[in-house]
There are 2 protein chains.
Amino acid sequence: MSEAEGKGAGKGRVAEELASSLRELIVEGEIGAGDALPSERELAAKFEVNRSSVREALHRLEAVGLIEMKHGGATRVRDVLVSAGLHLLPFLVARSGRLDPEWLRDLLEVRVMFLSWCGEQAARRASTDDVERLEAIAREVAQVHAGERRGGAKALMTLDWDFFAALVATTHNRVLALLTNVVREVHTRDPAKFKAVYEGDAFEPKHLLRAVEAVRKRDSAAAAAAMRAHGESALQAIFPTPTRGKR
Amino acid sequence: MSEAEGKGAGKGRVAEELASSLRELIVEGEIGAGDALPSERELAAKFEVNRSSVREALHRLEAVGLIEMKHGGATRVRDVLVSAGLHLLPFLVARSGRLDPEWLRDLLEVRVMFLSWCGEQAARRASTDDVERLEAIAREVAQVHAGERRGGAKALMTLDWDFFAALVATTHNRVLALLTNVVREVHTRDPAKFKAVYEGDAFEPKHLLRAVEAVRKRDSAAAAAAMRAHGESALQAIFPTPTRGKR
DNA sequence: GGCGCCAAACTGGTCCGACCAGTAGCAGGT
DNA sequence: ACCTGCTACTGGTCGGACCAGTTTGGCGCC
């Protein structure tokens, strides 16, 4: 009866939980694009919640582009790849509780692009304050990496994110800021999943230090290259094969 | 394909309209980050709609990160730049009905990054079919641009988008596909706004043709350069000053 | 038999009023 | 002065009624 089985989180909110369940069904492909969902009244009965709550849950999914509600007609599942926004990236990357290698790879590839471009733009726009901020973080990373400070992989992960965030801020590009918000969702939803990137010897603070120096010198090409190397190292750590190759 | 119908204003949906009104108030800065919204019951009375509809509207805004609802506490406006997703890019870029130059510039800059990177990845992953598809579109663009075919700026805009979409598809990167969905929202919400990019002599099909050739030869660097040039030309057309420069 | 119209039986959308469940702030006791 | 606990808020859930579109199928007409 009571599907009181607490999912990952979010008790209290009935609607949120229902949305979570439905999202999972869709993301896992158990409902397939184009299929019609049960009617709101049916869902309400099936999940033993009020129809208002069902609607609330459905609206959440609609807002993210997962489903399409049509007055008078059925509510249908949309094709994730052509209608969904980045909001459900976290759920796609970590479907079935595990990291999906395909999605993770795509994500890390895009990350390389981001890092590289942020480096390039940051080098063009950075103020001396920006440079100092970046340098402070980079140094801290180096210290933690060298074992001079406590923290380990977890601390590295946090600092790496801080560096990225600082870099984005340095570009003064607000579109990028919005993009970063979404990336942060992925990053913070389940940090443990990405720990591997920071554990081996793949993580090299020197890239960050090089990037800082390049930004200081206003050398956008070098900054881009350094950040690209930083991103590539993570990619290589998880997918040792060269960047190319068929999928 | 064509699913973006004119949505200038009044919807049949009460909740949607209310959400629109509130979103505008927030995006225009009339409610300011951190401020508390009136209670749901107050809003219901003020807008003469039911509280359920108010909640529906609020949930829509919450879903995109515009506001924060706390059980027992007040519903507050969040800082757009640190919490909002890309979903409201269209509203930020076109706030007050006009294109905001600052946002547009940021957007076009990011577009340059996208195009460039897509070119690079496409060159690595393209099948012969992909190349043919890209070439077909590029040729069409060239024909329209040369006046051999009807359409003018509007047709160019559509074709340019098709090319971009095809390029993204060629990368086989699904994260990028999601990202593209969001970009499409901006692109299709009010196409007339972006007409300027395709009207002057700024738009040069040769970049696309060069990109196709580079992709065919698996020359990722050349493809990246060509697409970057393509993006830069649009940027230059609207913001004639060199890429750098303070803001 | 085949065609077309119309009405019932769906669907989602809105409304109402009540109650549950947290929060914050004020009042009173210590 | 501090802490406690009540109370008057806030949002969250409920269920039941009704409105408004879509879909469907049967009935009458051709």
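Predicted model only: the values in this text are computed from it and were never measured. The sequence lines fix the lettering, A, B, ..., with proteins before strands; numbering per chain opens at 1.
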Side-chain donor/acceptor of B:Arg51 to base of D:dG12, under 3.5 Å: yes

Working for salt bridge (charged side-chain N to carboxylate O under 4.0 Å, His left out), residues B:Glu17 and B:Arg13: CA-CA 6 Å; B:Glu17 200 161 350; B:Arg13 272 78 142 174; over 6 Å; no

B:Glu28 atom CD: more than 12 heavy-atom contacts under 6.0 Å: yes

Ring-face cation contact, B:Trp161 with B:Arg184, 6.0 Å cut, 45° max: no

Protein-nucleotide distance (A:Leu43, atom CG; D:dG15, atom P), rounded to Å: 15 Å

Heavy-atom side-chain proximity of A:Trp117 to B:Trp117 below 4.5 angstrom: no

Value in whole Å for how far the C1' atom of D:dG12 lies from CG of A:Leu18: 14 Å

Pairwise 5' ranking along DNA chain C for A:Ser52 and A:Leu58, keeping only the more 5' one: A:Leu58

Validation row: B:Leu176, B:Leu179 side chains within 4.5 angstrom (heavy atoms): yes

Selection from D:dC14, C:dT14, C:dG13 that lies nearest to any side-chain heavy atom of A:Met69: C:dG13

side-chain N/O B:Ser53 vs C:dC15 OP1/OP2, d < 4.0 Å: yes

Atom pair distance, as rounded to whole Å: CG in B:Asn50 and C1' in D:dC19: 13 Å

Distance, rounded to the nearest Å, where A:Glu40 contributes CD and D:dA20 contributes C1': 13 Å

Heavy-atom donor-acceptor pair, B:His71 side-chain to C:dG22 base, under 3.5 Å: no

Value in whole Å for how far the C1' atom of D:dC9 lies from NZ of B:Lys70: 13 Å

Sugar-phosphate only, base, or nothing, as touched by A:Ser39 at under 4.0 Å among non-hydrogen atoms: sugar-phosphate

Whole-Å gap separating C1' (C:dG17) and CZ (B:Arg41): 11 Å

Euclidean distance, atom CD of residue B:Glu56 to atom P of D:dG12 [Å, nearest integer]: 14 Å

Sugar-phosphate only, base, or nothing, as touched by B:Glu68 at under 4.0 Å among non-hydrogen atoms: nothing

Gap between atoms CZ and P, on B:Arg13 and C:dG12 respectively (whole Å): 13 Å

